Amino acid sequence: MSIQSPKGTFDILPYGADEPWKLSHLWQYLEKIICSTASDYGYSEIRTPIYERTELFCRGVGDSSDIVMKEMFTFLDRGERSISLRPEGTASVMRAFLEHKLAEGRGVQKFFYLGPMFRYERPQSGRYRQFHQFGIEAIGCAHPAQDAETIDLLWEICRRLGLKGLKLHLNSVGDAGSRQAYREALQNFLRPHFESLSQDSKTRFEKNPLRILDSKDPGDKKILEGAPSILSSLSPDAKEHFDEVRRLLDQVAIPYEINDRIVRGLDYYTKTVFEITADVLGAQNALGGGGRFDGLIGSLGGPDLPAVGFAGGIERLIQTMLAQNAPFPEQPRPLLYLLPLGEEARRACFSLAAAGRRKGVFVEIDLHAKKVGAGLQAASKLQARFCAIIGSEEIAKGLSQLKELSTRQQIEVPLDRLIDFCLEQKK
Ligand code: HAM
């Protein structure tokens, strides 16, 4: 059998994809909208390596997170250094920010990124081992307005993509003091049920009890029904911060639901956390999520700078758009398909095609045209608007027979007017 792509990965193709969300022109469209929206909000693009030293993710994402413990692609390079494929973008952006001293002499720094991430998860619909995220990080502003701007940006990207019926889940995991208080309250609540908890939750009980709230185990879920809310452990400062985020979202009419069970799978969050979900996605319904992470830069050895950001999954966005029949631009199609018959005609068409392309006309030329029938079929398959069949007779007369493929109408156009004629039709 021929070699296939590794489990949990997929190809993005111009045509012939087994599922429509794997068509490259849809990806190009999304990437364009994401970049232009991020740019409208003052974010600049940052590109970091696809792999980093493993230590970065252990310190950045958290040693006790599922991502680091179970999901990283980690290997030793030929120099015996431990390397990991990036499972997310935030830790890398913070590393680059510190390495290049981007903080110096500047105020708030705002970055966006886009690209493949890698997690060794059990593949299923909406969950892959190589998947694509776009994300943003704003560094240097502790004000709740920065949290609200971040959420507004994700919401706006979804709006520009034509998505509907999305839910924004909002929570606060508080500052360090609030979290310590909640950790104890949660442990006190869970202690009498300890023996009935799932094995994963038992392990998390001491290390990372907040993550128990994320458990998918039905038994754990039942026990958690009566658990105290993290919101009741917020310090006055964390509470005021959360209230202001809510006021600002209300002010710009972004609807949200308070969901005190959202704690997120990465260890770096403080205060605001959020997720946007879409019903049509089934089990893997998070389109994107993020929050504030005021301690991360400090824990990576940098200054004590606040930060907030999010990441969204591009596969899930495209899948949601298709499921909701959101509008996509059509695949570009040639305005003019040149069908040369013979060597002399090929040369003439080569110049015509170059002239057209220089004027911004999408011209396709059939470089190995042999028969008119096959050439016309190829032009129709590409959905070209016009097709010009050019042989030695046309060249001698300086005229071409231009066929409009959808109507089958034929008109005579002088060869030296062909490109301008097409340009006029484009308008
Ligand atoms: P995350 O929630 O782990 O956050 O991932 C963000 C989004 O990436 C998810 O909501 C989902 O759409 C997509 N995603 C995650 N894993 C997969 C997968 N295996 N297959 C397909 N899509 C997936 C982060 O990564 C944080 N770095 C976000 C952040 C940025 N927080 C602050 N700044």
Side-chain angles (χ1 to χ4, degrees), residues 12 14 17 19-47 88-90 93 108-117 126 131-138 141 144-170 245-246 248-257 272-282 284-291 308-333:
I12 301 168
E19 292 175 277
W21 62 268
K22 296 175 187 163
L23 287 169
S24 52
H25 76 282
L26 307 186
W27 286 71
Q28 287 172 344
Y29 170 66
L30 241 80
E31 286 165 6
K32 215 163 107 189
I33 300 265
I34 289 165
C35 295
S36 65
T37 315
S39 160
D40 287 349
Y41 280 68
Y43 289 77
S44 320
E45 188 178 4
I46 183 164
R47 299 187 192 195
E88 58 107 52
T90 310
V93 173
V108 182
Q109 302 294 297
K110 305 204 285 190
F111 306 102
F112 79 89
Y113 53 88
L114 210 141
M117 307 289 161
F131 60 99
H132 299 75
Q133 277 188 347
F134 67 94
I136 62 138
E137 317 291 353
C141 180
Q146 192 65 64
D147 311 36
E149 182 194 84
T150 304
I151 296 170
D152 180 41
L153 171 49
L154 179 53
W155 195 253
E156 176 62 9
I157 287 174
C158 294
R159 194 192 65 79
R160 288 192 193 182
L161 292 174
L163 294 171
K164 292 181 209 86
L166 304 183
K167 256 192 201 149
L168 166 61
H169 306 260
L170 191 65
V245 173
R246 295 180 53 181
L248 291 168
L249 292 178
D250 290 339
Q251 208 171 293
V252 291
I254 294 181
Y256 54 83
E257 264 175 32
T272 316
V273 288
F274 61 94
E275 271 175 20
I276 290 188
T277 57
D279 284 349
V280 291
L281 283 176
Q284 304 302 319
N285 66 356
L287 281 178
V308 51
F310 71 75
I314 300 187
E315 291 78 5
R316 294 186 193 176
L317 277 176
I318 300 185
Q319 288 163 358
T320 309
M321 289 174 71
L322 288 166
Q324 295 188 345
N325 283 321
F328 273 110
E330 280 186 18
Q331 201 151 10
R333 54 194 192 116

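Not measured: the values here are computed from a predicted model. This chain uses plain numbering: 1 for the first residue, then up along the sequence.
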_Using a 3.5 Å distance criterion without hydrogens, assess whether the side chain of Gln324 forms a donor-acceptor pair with backbone atoms of Lys164._
yes
_Checking Thr150 against Phe274 for the side chain to side chain contact (heavy atoms under 4.5 Å, CB included) test, could you report, in this order, the C-alpha distance in whole Å, the side-chain angles of both residues, the deciding distance, and whether it holds?_
CA-CA 10 Å; Thr150 304; Phe274 61 94; 4.0 Å; yes
*Heavy-atom side-chain contact between Leu249 and Val245 under 4.5 Å*: yes
*Thr320 and side-chain contact (heavy atoms from CB on, under 4.5 Å): which partner among Leu161, Asn285, Asp279, Val280?*
Val280
*For Leu114, does its backbone N or O pair with a side-chain atom of Glu45 as donor and acceptor, under 3.5 Å?*
no
_Side-chain (Trp27) to main-chain (Trp21) donor-acceptor, under 3.5 angstrom_ = yes
*How far apart are the closest heavy atoms of Phe112 and Cys35, and which atoms are they?*
CE1-SG, 3.7 Å
_CZ/Arg333: more than 12 non-hydrogen atoms of other groups inside 6.0 Å_ = yes
*Any salt bridge (charged side-chain N to carboxylate O under 4.0 Å, His left out) pairs touching residues 21-44, not counting sequence neighbours?*
Asp18-Lys22, Glu19-Lys22, Asp40-Arg160
*So, Arg316 side chain and Leu287 main chain: donor-acceptor pair closer than 3.5 Å or not?*
no
*List for me each residue that meets salt bridge (charged side-chain N to carboxylate O under 4.0 Å, His left out) alongside Glu275, sequence neighbours excluded, and say none if there are none.*
Arg264
*Kindly give the heavy-atom pair with the smallest separation between Tyr43 and Glu137, and that separation in Å.*
CE2-O, 3.8 Å
_Closest approach of Gln146 to Cys141 (non-hydrogen atoms, all atoms of both residues)_ = OE1-CB, 3.7 Å
